[in-house]
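One structure below.
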Amino acid sequence: MTRVTGLIDSNSLSAEDTSVVIIGAGPAGLTVGNLLRAAGVDCVVLECESREFIERRPRAGVIEEWAVRGLDRRGLASAHLLAAERHTACEFRLAGERHRFPYEELAGSRHHVYPQPLLVTDLMRSYVDERGGDLRCGVRDVRLHDIESERPSISYLCPGTGRRRLLRCAYVAGCDGARGVSRAALPEGRVRIARHDYGIGWLALLAEAPPSADCVLFGVHPDGFAGQMPRSPEVTRYYLQVPPGDDPAAWPDERVWAALRRRLAADGAPPPAEGRLVEKRVLDLHDYVVEPMAVGRLFLAGDAAHLVAPIAAKGMNLALHDAFLLGDALAARLTGADPEGAALGGYSGACLRRVWDYQEFSQWLSEVYHGAAVGDPFRAGTAVARLRRLFTSPRAAAAFAEQYLGTAERY
Ligand code: RFL
């Protein structure tokens, strides 16, 4: 376990030793923490929010089946996750027509409908309550030191005392999401950060209302994209394409529901069921990728390393993929199963193949969703052709299903 080794300098920094410090208790950080604890490796998870807050934060809603299997193989899939509702199809709506896309038949795989707060709660329970993992919530001003040395350290302000504390470790897992400190701690010139801005906004909405269909809906409309993602029988996520930087206040509830009704309208389809809108915020769609995902003893995972706009519902799946590889590689290195750290050495390359594939798919899908609404008749024509190809070419449909479910055999 973590050992307190006493004071190390005149500022009364109390220093402790542990094997791995994990910054961030999202899906990536908690998965890495669980894998380390299961292997008997000591670690500390530092999180700036409270446990209650992160167990309720609404975000993703679906997990690809390979990721559920990955969790299950590592003893991290709860009975609820394994029994969760599965999605086997999605539906595109275009020019008043409904096109159901039965992806399970094509890819042999499904999505599990399991909102991110439930997964985080499961992982938290397993890490803290079952495995006795060390989680420190509410920490402030986390700083990374000496990440290119063999003994990096992390310091932070303790919420209870307001004092700075120091954790010395062998490895650091930077799992602190898009706004964390890990990425910023990478030494200049050692990584490349590739970024893509879509120039498109999405109004992200959560409604206390049942979904109006049993699957995800994608509305392709000249006014802009609209999406409906069932979360539970009581809660539904909606997205509306809006100008980037738009003010959510410009979208009073009546305007939201009118736009959803119009953009999702199709023959014989019921209108969206209305309910209280409990989240309303504008996302400016963008992606980035950090290459490589590791420098010295700092390994990034999840959104800290790459952001993929929620266009194809990929972010949490990528975070889990990274966490499986990183947790397994760190455990192997620290238990002596992989004394040379070969898996850690291959970590970044192994993650990035899936990351870039998902980024490319999101870009491709973005054009399908948004091309009809950019005001350029040429792009509108090619976007609709892209979509129609899915309903006329079995090979194109199969390729789409494989990318949508992430089932390619090798990346
Ligand atoms: P997270 O979940 O952001 O967790 C990072 C954690 O780090 C903490 N933190 C810090 N802790 C200590 N010190 C600091 N300085 C810190 N700074 C931050 C944070 O409080 C947090 O607890 O990152 P992680 O683990 O990499 O997981 C990534 C996923 O959360 C993300 O990719 C998904 O939510 C993306 N996403 C979706 N992904 C899917 O696979 N399917 C979906 O359907 C889907 N829908 C979505 C989404 C993201 C959305 N937002 C955030 C734009 C829908 C939305 C609206």
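In this text, all values refer to a predicted model and were calculated from it rather than measured experimentally. Positions are given from 1, in the same order as the sequence printed here. Both ligands and their constituent atoms are indexed starting at 1 by order of listing.
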* For Leu157, which residues count as a side-chain contact (heavy atoms from CB on, under 4.5 Å) partner, sequence neighbours excluded? -> Arg140, Asp141, Arg164
* To do: Give the C-alpha distance, both sets of side-chain angles, the deciding distance and a yes or no for ring-ring contact (aromatic ring centres under 6.0 Å, His included) between Phe361 and Phe400.
  => CA-CA 9 Å; Phe361 179 62; Phe400 178 89; 5.4 Å; yes
Would you mind writing out a table of all protein N or O atoms found under 3.5 Å from any N or O atom of ligand 1, naming both atoms and giving the distance to 0.1 Å?
unit_1   : atom_1 : unit_2 : atom_2 : d
ligand 1 : 2 (O)  : Arg59  : NH1    : 3.1
ligand 1 : 3 (O)  : Arg59  : NH1    : 2.8
ligand 1 : 11 (N) : Cys48  : N      : 3.2
ligand 1 : 20 (O) : Glu47  : OE2    : 2.6
ligand 1 : 20 (O) : Arg57  : NH1    : 3.3
ligand 1 : 22 (O) : Glu47  : OE1    : 2.7
ligand 1 : 22 (O) : Glu47  : OE2    : 3.2
ligand 1 : 22 (O) : Arg57  : NH2    : 2.6
ligand 1 : 25 (O) : Pro27  : N      : 3.2
ligand 1 : 25 (O) : Ala28  : N      : 2.9
ligand 1 : 26 (O) : Asp303 : N      : 2.9
ligand 1 : 30 (O) : Arg59  : NH1    : 3.3
ligand 1 : 30 (O) : Gln116 : NE2    : 2.7
ligand 1 : 32 (O) : Asp303 : OD1    : 2.8
ligand 1 : 32 (O) : Asp303 : OD2    : 3.2
ligand 1 : 32 (O) : Gly315 : O      : 3.4
ligand 1 : 32 (O) : Met316 : N      : 3.3
ligand 1 : 34 (O) : Gln116 : OE1    : 2.7
ligand 1 : 38 (N) : Gly315 : N      : 3.4
ligand 1 : 38 (N) : Met316 : N      : 3.0
ligand 1 : 40 (O) : Ala313 : O      : 3.1
ligand 1 : 40 (O) : Gly315 : N      : 3.3
ligand 1 : 40 (O) : Met316 : N      : 2.8
ligand 1 : 40 (O) : Asn317 : N      : 3.4
ligand 1 : 40 (O) : Asn317 : ND2    : 3.0
ligand 1 : 41 (N) : Ala313 : O      : 3.3
ligand 1 : 43 (O) : Gly61  : N      : 3.3

* Structure fact -> Here the ring pair (Phe, Tyr, Trp, His ring centres under 6.0 Å) pairs for residues 232-265, sequence neighbours left out, are Trp202-Tyr239, Tyr238-Trp257
* **NZ/NE/NH1/NH2 to OD/OE distance under 4.0 Å, Glu291 and Arg190** => no
* Asked: Does Arg73 make a cation-pi contact with Trp66 (under 6.0 Å, within 45 degrees of the axis)?
  -> no
* Enumerate the residue pairs fulfilling salt bridge (Lys or Arg N to Asp or Glu O under 4.0 Å) with a member in residues 304-333, sequence neighbours excluded, ordered by first and then second residue. => Glu64-Lys314, Arg74-Asp328
